[in-house]
Undergrad: 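First the structure, then my questions, so here it is.
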Amino acid sequence: MTETNKTSQPAVLLVYTGGTIGMIKDHKTGSLKPVNFDQILEHIPELAKFGYKIDSVEFNPPVDSSDVNPEIWVRIAKTIQDNYSNYDGFVILHGTDTMAYSASALSFMLENLEKPVIFTGSQLPIGTLRTDGKENLISSVEIAADKINNRAVVPEVCIYFENKLFRGNRTTKHNAEYFNAFRSNNYPLLAEAGINIHYNFGAIHYGKSEEKLFVHSKFDTNVALLKIFPGISKSFVESVLTTTGLRGVVLETFGAGNAPTLPWLSEEIKKAIKKGIVLINISQCPAGSVQMGLYQTSMELLKAGVISGRDMTSEAAITKLMWLLGQFPDINEIVESLKTSVSGEINN
Ligand code: ASP
């Protein structure tokens, strides 16, 4: 990992969508509720010390990330697009619960991205004494502004949390209690913040395209996530696979992509594939990769026509599937794109 130099007067846009970072405790009910963005910024006077131009836009009302959906992803992407030429980087303040889904979705939507889009948030609200929000926000702003030879150091959609910068579509929220809420099990860190911010240049993607930023904003939500478990019943699998309008399924299987060798299971899967439903296999294990055909228990899935999702996270797989189904009418194109990396979400 290497350090980098700073340039003068960068401009960063903060996009506040909602989440714990911007909440306070309601004294009557005791539950957390959102406050407006100016109140958040009052808690971080340190931001002014950067000497950057820092502007903000806020979603009104703010959205708890459990309520985030493709419409919100489109709003975030359009905000970036509308402001793209005026800023060096973007910091998206977002609830942690579905942050990995949003970062994955945005990584597919923003084609030819040449500027940093850094998602961050916090486990404790910004107004509380031990908040993790301050460091998360301050370092995210620094990363969003960092340049080398006049180019953004990290021109990717990322998540910054608890001193670590991750590729967004490789992350999973794994901890609901401690500040180190995110992990990227199958891809190295893009940077780590200590006394300095140390960038892992070899892991960062630098695009070669000279094309303008293009936002792909169509999603098809006719998808399902089917987690296999010992004792799974035929009627349950059948009811999922015969859902009206269903076009794609992420199958979460055991270990290296294995499922029970029940004849009815491969029959149901074959029937679904015959109807034009796309099935992709990812592992329930947080780390490692699907290797279809390694065991007999995944050979049946392979023979039925299930696609290997290799080392993709569940969040990347489901958002990629919704996004591809929204983009392409041709099933072969969807299948090919599922197998290959669109935005660094899968090892080729
Ligand atoms: N419920 C909150 C959200 O995801 C939790 C958080 O921000 O950490 O919006």
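Counting from 1, the numbers follow the sequence of the chain as shown. Whatever order the structure lists them in is the order used to number ligands and atoms, beginning at 1.
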Undergrad: Going by distance alone, is a donor N or O of one side chain under 3.5 Å from an acceptor N or O of the other, for N258 and T297?
TA: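 T297 and N258 do have a side-chain donor-acceptor pair below 3.5 Å.
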
Undergrad: Checking side-chain polar atoms at under 3.5 Å, does E156 have a donor or acceptor matched by the opposite partner on S107?
TA: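 There is no such pair between these side chains.
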
Undergrad: Does any part of the side chain of L225, heavy atoms only, come nearer than 4.5 Å to the side chain of S314, both counted from C-beta?
TA: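 Answer yes - side chains close enough.
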
Undergrad: Using a threshold of 4.0 angstrom between heavy atoms of the protein and any atom of ligand 1, which residues qualify?
TA: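 Lining ligand 1 at under 4.0 Å, by heavy atoms, one finds G19, T20, D64, S65, G95, T96, D97, S122.
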
Undergrad: Going by atom types alone, do Y187 and D311 pair a side-chain donor with an acceptor below 3.5 Å?
TA: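 Note: Y187 and D311 side chains miss the donor-acceptor criterion.
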
Undergrad: Could you go through the side chain to side chain contact (heavy atoms under 4.5 Å, CB included) check for L241 and V249 one step at a time?
TA: CA-CA 8 Å; L241 296 182; V249 179; 3.9 Å; yes

Undergrad: Determine whether the side chains of H94 and S102 contain a donor N or O and an acceptor N or O closer than 3.5 Å.
TA: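 Side chains of H94 and S102: pair found under 3.5 Å.
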
